[in-house]
There are 2 protein chains.
Amino acid sequence: MDKQRKQYQERKQDPSLKLFVVLSKAYRSVADLVAADIRKNGLNTTEFGVLELLYHSGEQPLQKIGDKILLASGSITYVVDKLEKKEFINRIQCAKDRRITYASISEKGKALLEDIFPEHWRQIEKITAGLSADEKKGAIKLLKQLGIYADELKKTD
Amino acid sequence: MDKQRKQYQERKQDPSLKLFVVLSKAYRSVADLVAADIRKNGLNTTEFGVLELLYHSGEQPLQKIGDKILLASGSITYVVDKLEKKEFINRIQCAKDRRITYASISEKGKALLEDIFPEHWRQIEKITAGLSADEKKGAIKLLKQLGIYADELKKTD
DNA sequence: ATAATTCAGTTCAATATTTAATTATGCACC
DNA sequence: GGTGCATAATTAAATATTGAACTGAATTAT
């Protein structure tokens with residue numbers, strides 16, 4: 001029991017384990033605040049993410065959306081249904097391949113995004129103000145490296 | 001429209017926005033792999049987190065668990081119910097304050113954790129191997145700073 | 001002392017998310 | 001040109017998560 005507690009203390013110092021814990025906490029802290037901001041506008045983060053993707057990348061096959069937002073196929077149908085009901089996007093059937101459906105942002109969706117984006121940006125500036133501009137750049141580099149490596153693992157595994 | 005696309009390109013370069021995007025992606029990539037590893041043992045990440053907390057911090061009032069794992073009160077009841085049903089933890093009524101219920105890890109729970117932890121650790125080493133030990137330490141420092149600041153904001157806001 | 005307030009935990013409904021099964025279509029190969 | 005395999009989207013069931021209302025208990029104020 002004492003031996004185990006000692007083992008535990010040792011492994012808690014392990015940088016890999018610590019990194020995972022700190023990454024999870026930082027993400028939750030930041031993401032919860034961002035989510036609260038987005039929710040003020042009647043959207044959740046997933047819906048916002050899809051809208052943003054369509055806004056800047058143009059219409060996308062539903063499956064591509066799933067790849068980019070990391071969402072299962074069933075979830076895409078669900079979120080696209082909701083956004084379509086709210087008239088922020090439209091489904092467009094592909095003429096060449098009838099299996100494919102595109103999602104396309106509507107004028108109303110564009111207007112919403114353009115309306116809420118400035119404040120959204122301001123909030124993110126505020127939420128991430130714990131780091132200086134240089135520290136942010138450092139963190140971006142490290143997180144990118146970490147994420148890319150993990151993605152590679154997922155593919156090969 | 002062109003003007004907006006230019007604006008968009010500009011703001012995408014903003015370190016705060018970029019940091020948020022990269023943080024979200026890195027977290028998802030890493031956390032998904034870790035979750036898959038944990039799920040092999042019949043637990044989800046939340047259950048695992050609660051078990052781990054009880055293992056190393058001893059019995060805890062349910063509310064404390066919610067604070068540490070960042071879980072709503074209703075969710076605590078839910079996850080504690082599940083773990084109790086699986087006999088990995090027990091509920092213990094507080095004698096001094098009858099509003100309070102402690103959760104305490106059982107022998108069976110301890111055995112499980114001790115059984116799966118070594119492999120869990122190995123997996124996290126593997127998943128985070130995109131960064132060197134020094135880079136991990138740098139990332140830990142930055143993420144801690146970011147998370148602490150965001151937590152402060154949440155309190156005052 | 002009692003009334004009002006606060007607090008811990010539970011319950012319940014609403015919402016998100018995943019996985020597996022299903023449907024419809026396209027493609028390759030014989 | 002039909003058969004079988006792959007792919008895109010939908011559906012449905014199971015699971016997670018939250019937030020609000022509620023219950024019982026403790027604390028504070030009057």
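Predicted model, so just to flag it, every value in this text is computed and none were measured. In the text below, chain A, chain B and the rest are named by the order of the sequence lines, each starting its count at 1.
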**Message:** Can you measure A:L43 atom CG to C:dT15 atom P for me and round it to whole angstrom units?
**Reply:** 14 Å
**Message:** Whole angstroms only, please: what is the CD1-P distance between B:I92 and C:dA8?
**Reply:** 19 Å
**Prompt:** Any side-chain N or O of A:T46 under 4.0 Å from OP1/OP2 of C:dT17?
**Reply:** yes
**Complete:** Result for 5'-nearest mapping on DNA chain C, choosing between A:E47 and B:V80, is B:V80
**B:K86 NZ: over 12 foreign heavy atoms closer than 6.0 Å** = yes
**Prompt:** According to a strict under-4.0 Å criterion, is A:N44 in side-chain N/O contact with OP1 or OP2 of C:dT15?
**Reply:** no
**Complete:** A:L62 atom CG is separated from D:dA8 atom P, nearest whole Å, by 11 Å
**Complete:** On DNA chain D, more 5' by nearest nucleotide between A:S73 and A:R28 is A:S73
**Prompt:** Which residue, A:L62, A:D81, A:V50, forms the side-chain contact (heavy atoms from CB on, under 4.5 Å) with A:I76?
**Reply:** A:L62
**Request:** Kindly say whether B:F88 contributes a backbone atom to a donor-acceptor pair with the side chain of B:S106 at under 3.5 angstrom?
**Result:** yes
**Asked** Between B:L70 and A:R91, which has a closest nucleotide on DNA chain D that is more 5'?
**Response** A:R91
**Request:** Please state whether the phosphate of C:dT18, meaning OP1 or OP2, lies under 4.0 angstrom from any side-chain nitrogen or oxygen of A:S75.
**Result:** yes
**Message:** Check the phosphate of C:dA16 against A:K82, side-chain N and O only, distance under 4.0 Å to OP1 or OP2. Yes or no?
**Reply:** yes
**Request:** Look only at the side chain of B:S75 and the backbone of B:L71, and say whether a donor-acceptor pair between them is shorter than 3.5 Å.
**Result:** no
**Request:** Have a look at B:I76 and say if it touches a base, only the backbone sugar-phosphate, or nothing, with a 4.0 Å heavy-atom cut-off.
**Result:** nothing
**Nucleotide C:dA16, atom P - distance to CD1 of A:I69 in whole Å** = 15 Å
**Asked** Rounding to a whole Å, what distance do you find between B:Y78:OH and C:dG9:P?
**Response** 19 Å
**Message:** Rounding to an integer number of Å, can you tell me how far A:R98 CZ sits from D:dT10 P?
**Reply:** 15 Å
**Request:** Under 4.0 Å between any heavy atoms, over every strand shown, what does A:T77 touch: base, sugar-phosphate, or nothing? Just pick one.
**Result:** base
**Message:** What is the distance, to the nearest angstrom, from the CD atom on A:Q93 to the C1' atom on D:dA9?
**Reply:** 9 Å
**Message:** Donor-acceptor check, side chain of B:E47 to backbone of B:N44, threshold 3.5 angstrom: yes or no?
**Reply:** yes
**Message:** I need the CZ-C1' distance between A:R99 and C:dT22, as an integer number of Å.
**Reply:** 16 Å
